[in-house]
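Notes for the one structure printed next.
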2 protein chains.
Amino acid sequence: MTTISATAQPTLDEVAAAAGVSRSTASRALNGGARVSPQAQAAVDDAAARLGYVPNRAARSLVTRRTDSIALVVPEPDERVLSDPFIGGTLRGVGAALAATDLQLLLIIARPGESPRRLARYLRAGHVDGVVIASHHREDGLEEAVLASPVPAVFVGRPFAATEGLIYTDVDNRAGARQAVQHLVDTGRTRIAHIAGPADMAAGLDRRDGWSDVLTDAGLPADAFASGEFTVASGHRAMTDLLAVHPDLDAVFAASDSMALGALEALRAHGRRVPEDVSVVGFDDLGVAASMTPPLTTVRNPVVEMASCAVEQLLTLLSGKRDVPTVVFPPELVVRAST
Amino acid sequence: MTTISATAQPTLDEVAAAAGVSRSTASRALNGGARVSPQAQAAVDDAAARLGYVPNRAARSLVTRRTDSIALVVPEPDERVLSDPFIGGTLRGVGAALAATDLQLLLIIARPGESPRRLARYLRAGHVDGVVIASHHREDGLEEAVLASPVPAVFVGRPFAATEGLIYTDVDNRAGARQAVQHLVDTGRTRIAHIAGPADMAAGLDRRDGWSDVLTDAGLPADAFASGEFTVASGHRAMTDLLAVHPDLDAVFAASDSMALGALEALRAHGRRVPEDVSVVGFDDLGVAASMTPPLTTVRNPVVEMASCAVEQLLTLLSGKRDVPTVVFPPELVVRAST
DNA sequence: CTGTTAGCGCTTTCAG
DNA sequence: CTGAAAGCGCTAACAG
């Protein structure tokens with residue numbers, strides 16, 4: 001009638017006792033229920049429900065050697081990254097893909113000066129079954145950490161070292177940039193500047209390459225460019241610099257919408273009308289572009305889908321499969337009033 | 001010379017053997033090193049380093065009954081929340097506060113239909129040592145879940161039920177709203193509308209109260225208001241509605257900068273000039289406000305600090321202290337061109 | 001289908 | 001200061 005052990009978290013033993021079966025049977029019933037008689041199953045289910053049994057994950061992990069959780073690694077929590085819609089989108093994509101499973105999401109915010117060894121170490125501590133790496137920079141040592149660790153990992157965004165064995169999902173940044181710049185060329189612009197992303201990120205380089213591809217093909221000069229760090233402020237600054245050196249520019253392709261926003265401000269400050277005097281195209285389309293004035297023509301970056309896809313890749317990996325192929329999403333030009 | 005067990009993760013036993021001490025001594029040396037002779041300590045440190053030893057957390061958790069991780073619970077990953085700078089700021093604040101510790105951050109994205117019991121259950125599974133709840137809605141059942149669980153928890157943003165025992169950090173939303181509206185009154189506006197936040201969030205209600213406080217005190221009508229959900233689109237919609245019903249309005253206080261942005265668009269679409277015809281004030285100042293056109297007068301919401309503070313509260317709780325006081329941050333009016 | 005038997009790797013009394 | 005012993009709660013062979 002009255003249970004001996006009171007409020008403490010019930011253990012499997014207690015459930016088994018309450019159900020009148022052995023611990024093993026209780027365990028089997030609780031996990032999948034293979035090879036368990038209907039009555040035993042029912043008794044265990046009932047006992048577990050009555051007692052409010054919740055398996056202790058540490059104990060389970062200890063023996064299964066799985067943690068049922070995966071980590072999302074994002075870089076240092078500086079101004080940019082966590083306010084960036086990019087991370088928000090990634091989070092959403094990861095969350096969505098995980099919803100179908102019962103994996104938990106661990107957010108690892110990689111600290112600034114921290115050596116990559118720390119991550120490698122962390123991974124080896126067996127905290128997570130897999131890793132998604134979100135915003136990878138050239139020298140962050142994440143590739144080595146991943147390669148050195150037995151924990152499956154995937155990148156969202158092409159890793160720098162195209163090392164064999166590094167799996168990733170990405171958008172075709174170069175093709176997207178080409179679409180953007182081609183659009184500018186097609187609408188009659190001839191002096192097309194570029195506000196590039198950081199040179200230590202693949203997306204930055206690829207978008208710049210796409211820009212110069214088109215200009216070169218069109219026989220136009222590809223010399224007007226300045227770099228930013230994907231932020232509004234850096235876009236503003238870059239645009240100001242560009243205007244100083246190339247006052248004749250009639251279009252600008254910014255490697256992110258945030259930088260395009262900064263550019264728009266700078267153009268306005270310099271009395272240039274958009275799109276009459278200068279056409280502007282961005283990259284990302286994560287929400288801000290549509291609500292800018294004027295609405296920004298941009299290249300849609302399927303961040304959420306990419307993140308979900310990366311998780312799928314990871315799940316495939318976790319299921320024991322090898323040779324998971326890299327996935328590259330097609331970008332899509334979204335034409336709005338800024339051009 | 002050669003170790004027997006090869007690539008596998010070294011265990012404490014192996015470290016102990018390599019150091020020529022018992023497992024207990026090795027364990028002590030590895031944790032704090034109380035009551036360990038200098039030589040034993042050195043031997044263990046050395047062996048651990050050489051072997052690349054990393055303690056297995058599951059095993060440790062099993063016996064210590066701690067997980068060294070805390071969870072950040074955020075609501076469903078809908079459009080709004082994860083693109084919202086508010087969550088970004090919260091994440092940053094939490095990350096910053098955790099940087100000093102070696103606690104890990106678990107992100108729990110509460111799914112939509114999911115019963116609060118699931119969270120309660122999760123908490124009882126012993127996955128985390130504590131919880132920070134980020135964006136709490138009236139009927140999400142989080143308060144009950146927290147109260148029903150033995151796991152320490154704190155809210156960022158006042159919980160609805162002012163139940164004894166619920167700890168939180170917040171900004172004084174009502175006071176902030178008062179400052180905003182008072183500013184509008186002081187600059188001569190007399191027909192001040194409000195775009196309110198959702199009625200199922202404390203911040204939404206409190207800001208509305210602040211708005212009506214001032215209008216009532218000033219003898220002005222507090223009847224022009226519409227509600228949104230803190231999004232740009234809903235702000236646009238609300239503003240449009242307000243203009244239809246109250247074409248004479250000469251100011252609007254929006255409960256978030258995002259909604260203010262939407263309002264700005266709507267005002268522009270209706271040919272109203274800001275601030276000449278209509279003054280606009282927002283709330284949050286998380287970055288967008290400053291870069292709007294015109295730059296938005298707003299109330300600074302110290303989200304990052306609040307999140308850090310919440311973590312501090314949680315750490316205090318975890319250290320065994322009781323009666324951790326609630327903290328309420330003062331808001332601060334930031335005047336810009338939109339008024 | 002079920003129970004018994006061993007641990008998973010670690011911390012922690014408790015005697016020395 | 002150190003080591004031996006005893007589990008933490010769970011799963012996974014292995015015989016029945």
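Chain identifiers are assigned alphabetically (A, B, ...) following the order of the sequence lines, protein sequences preceding nucleic acid strands; residue numbering begins at 1 within each chain.
In terms of heavy atoms, B:Pro302 sits closest to B:Phe329 at CG-CB, 3.7 Å.
For A:Leu62, taking side-chain heavy atoms from C-beta onward, the closest of the listed nucleotides C:dC8, C:dT2, D:dT2 is C:dC8.
Panel note: side chain A:Thr169, backbone A:Val328; no donor-acceptor pair is recorded below 3.5 Å. No donor-acceptor pair closer than 3.5 Å links the side chain of A:Asn31 to the backbone N or O of A:Arg28. Checked by atom type and distance alone, the side chain of A:Gln41 pairs as donor or acceptor with a backbone atom of A:Ala29 at under 3.5 Å. Listed for the B:Ser27 side chain is no donor-acceptor partner under 3.5 Å among the backbone atoms of B:Arg23.
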In 5'-to-3' order, the base (B), backbone-only (S) or no-contact (-) status of each nucleotide in nucleotides 11-16 of chain D, using a 4.0 angstrom heavy-atom cut-off, is BBB---
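For B:Thr25 and D:dG3, the shortest distance from a side-chain N or O to OP1 or OP2 is below 4.0 Å. A:Ser61 has no side-chain polar atom (N or O) that falls below the 4.0 Å cut-off from OP1 or OP2 of D:dC10.
Each of B:Val21 and B:Arg65 was assigned the nucleotide of DNA chain D with the nearest heavy atom; the assignment lying further toward the 5' end belongs to B:Val21.
The CG-P distance, from A:Asn56 to D:dG9, rounds to 7 Å in whole Å.
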For residues 148-161 of chain A, run the donor-acceptor check on the side chains, cut-off 3.5 Å, and write out each pair with its distance to 0.1 Å, sequence neighbours left out.
residue  : atom : partner  : partner atom : Å
A:Ser149 : OG   : A:Val151 : N            : 2.9
A:Arg158 : NE   : A:Asp206 : OD2          : 3.3
A:Arg158 : NH2  : A:Asp206 : OD1          : 2.6
A:Arg158 : NH2  : A:Asp206 : OD2          : 3.1

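A:Ala58 comes within contact range of no nucleotide atom at all, as no heavy-atom separation falls under 4.0 Å.
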